[in-house]
**Student:** 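Quick one: this structure, given as structure tokens, is what I'll be asking you about.
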Amino acid sequence: AKVRHFKWEVEYMYGAPDCQEHVVMGINGQFPGPTIRAKAGDTIVVDLTNKLHTEGVVIHWHGIRQLGTPWADGTASISQCAINPGETFEYRFKVDRPGTYFYHGHYGMQRSAGLYGSLIVDMADGEKEPFHYDAEFNLLLSDWWHKSVHEQEVGLSSNPFRWIGEPQSLLINGRGQYNCSLAAKFSNSSISQCKFEGNEKCAPQVLKVRPNKTYRLRIASTTALASLNLAIEGHKMVVVEADGNHVQPFAVNDLDIYSGESYSVLLKTDQNPYKNYWVSIGVRGRDPKTNQALTLLSYSATPASKLSTTQPPVTPRWDDYNHSKAFTKGIYALMGSPQPPKTYDRRIILLNTQNRLNGFVKWAINNVSLVLPSTPYLGSIKFGLNNAFDRKTPPDNYDSSYDIMKPAPNQNTTQGSGVYTITLNTTVDVILQNANALAKDVSEIHPWHLHGHDFWVLGYGEGKFKNGDEKTFNLKNPPLRNTAVIFPFGWTALRFVADNPGVWAFHCHIEPHLHMGMGVIFAQGAHRVGQIPKEALACGLTGNKQN
Ligand SMILES: O=C1O[C@H]([C@@H](O)CO)C(O)=C1O
């Protein structure tokens, strides 16, 4: 195993992700940030220097469990103090498992501002994937707004509330086209045809393939908001990996991917090589106002400049939830994967609601809208600093009379920074319960992401979770993941073993929703947390602590 060293500087810079010039967050002058490539068992060391002039920064390594290094999880106010302008923080952690991962900002809304990149971990030397492929491509998907992230944030925190709206563009590896379309003639608007020389920053990266080969596509979504669907004209895909875990291979024509998720699919180049094919990405789960992102699958027999002459795949209707459920429920762990414990020690039911707080719009969990404290939890809990956050423990359940199908009669929420304290090495079931939002007949999709662990997704159901529903749980081959979606007016059941001492965020991966309070904090085994680097403690009530 190797130690892989990186020196990164984060800064704002000009960019034109979708051909319109705006300010983006870059790393070493690159947007998206550099791809980290490592082998399972390697240690990654990133010396991150904050070159922003007026704000802090942190980076979260999404999908890496940080076993034994909870201070390297990169969550401001949770695992560490934000890195101040001019300062450098050393992230040092092990990538213990192969898979398709990514990294992103986890302070304020810096992910929306463009602070992200790919993290790919190959099998350790001498080990083989349980599937064959000849070559691979990496597709990091994101969404992009022309309004600055500061303006977006102020809108969300204002009364009256101003929603960020739908993204202007979808990006593939940081590239999209706002002004024009590669498939203008198939569009029902008057958008013009893109003309690229080839070296423009917003020109699509064409996937160049040879016939009769198998390609692995690594697909990850770091969108701020959008749920996506990816399809490749004329080709089926076989899903083999989800969030760094092998799954029972299954073939699909298109794939739903929510923010925080990653997949690998295998693609056979078995179609007519004298033609190119569209790769299309469209919005699901919210009434879309955003054009599809497009690139090409280009066979070696056909020039890469030759566009497909046929229509790009049509994204399934945004509200065709049966399509989404069929895909999501078809994911099973590969035979031989770790199985969940058959029973649980504690069940936490988390009701997801949209609320008001003195006229501000919030999201709340069991009627608590999360506000992050100024002293990061990891340090304050380890040192027993009782004044660093709310002592009140948030509830494990909600009022059984709550009608999840209707707007609440009382839409007000409370706010808090309380923590769920979990006994180390116990098994926790979490039931995520969706509900009606503020408006009548509206319930939105939320992809929930857990830090520090994978969980088994035991099942999904419609309406309110009730006693007896656990009989439907899949305890045989549920997929292991770090992100799982809740569908409108439904529930999702997760199980995890709290075996990683630290303080871990569990939250909706839609960035404005987290910013509006949609998350909880799980703390476990604080006495077992090793020596926290002093730079991670250098703020708030831990500013003078040594350990
Ligand atoms: O948090 C959100 O706010 C808006 C809407 O509910 C109010 O404008 C929206 O679509 C969200 O997801």
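Remember, it's 1-based here, ligands and their atoms both numbered in the order they're listed. All values below come from the heavy atoms of this structure, side chains included, with hydrogens, waters and symmetry mates left out.
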**Student:** Can a side-chain donor-acceptor contact be found between N500 and H453 if the only test is distance below 3.5 angstrom?
**Tutor:** no
**Student:** Among protein heavy atoms, which sits nearest to atom 1 (O) of ligand 1, and what does the distance come to when rounded to 0.1 Å?
**Tutor:**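 That would be W363 NE1, 3.0 Å.
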**Student:** Identify the closest protein heavy atom to atom 2 (C) of ligand 1: which residue and atom is it, and at what distance?
**Tutor:** W163 CZ3, 3.3 Å
**Student:** Only heavy atoms of R286, strictly under 4.0 Å: list the atoms of ligand 1 that pass.
**Tutor:** 9 (C), 10 (O), 11 (C), 12 (O)
**Student:** Within a distance under 4.0 Å of any heavy atom of H513, pick out the atoms of ligand 1 and give their elements.
**Tutor:** 1 (O), 2 (C), 11 (C), 12 (O)
**Student:** I'd like to check which ligand 1 atoms, numbered from 1 as shown, lie under 4.0 Å from a non-hydrogen atom of F161.
**Tutor:**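 Per the distance check, 3 (O), 7 (C), 8 (O).
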**Student:** Parallel, tilted or perpendicular for F506 and F522, by the 30°/60° rule?
**Tutor:**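 If you compare the ring of F506 with that of F522, the planes turn out parallel.
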**Student:** Establish, from distance only, whether the side-chain atoms of N355 and Q411 form a donor-acceptor pair under 3.5 Å.
**Tutor:** no
**Student:** With a 3.5 Å distance limit and no angle check, can you tell me whether E11 reaches the backbone of K51 through a side-chain donor-acceptor pair?
**Tutor:**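 Looks like no, no N/O pair under 3.5 Å.
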**Student:** Before accepting this row, confirm whether a basic side-chain N of the pair R162/E151 lies closer than 4.0 Å to the acidic partner's carboxylate O.
**Tutor:**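 E151 and R162: not salt-bridged.
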**Student:** Output the list of atoms in ligand 1 that are nearer than 4.0 Å to some heavy atom of M516, sorted by atom number.
**Tutor:** 1 (O)
**Student:** Taking only heavy atoms of Q354 into account, list the atoms of ligand 1 that are under 4.0 Å away from them.
**Tutor:** 1 (O), 2 (C), 3 (O), 5 (C), 6 (O)
**Student:** Side chains of Q152 and S148, heavy atoms from C-beta outward: is any pair under 4.5 Å?
**Tutor:**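 Not in contact.
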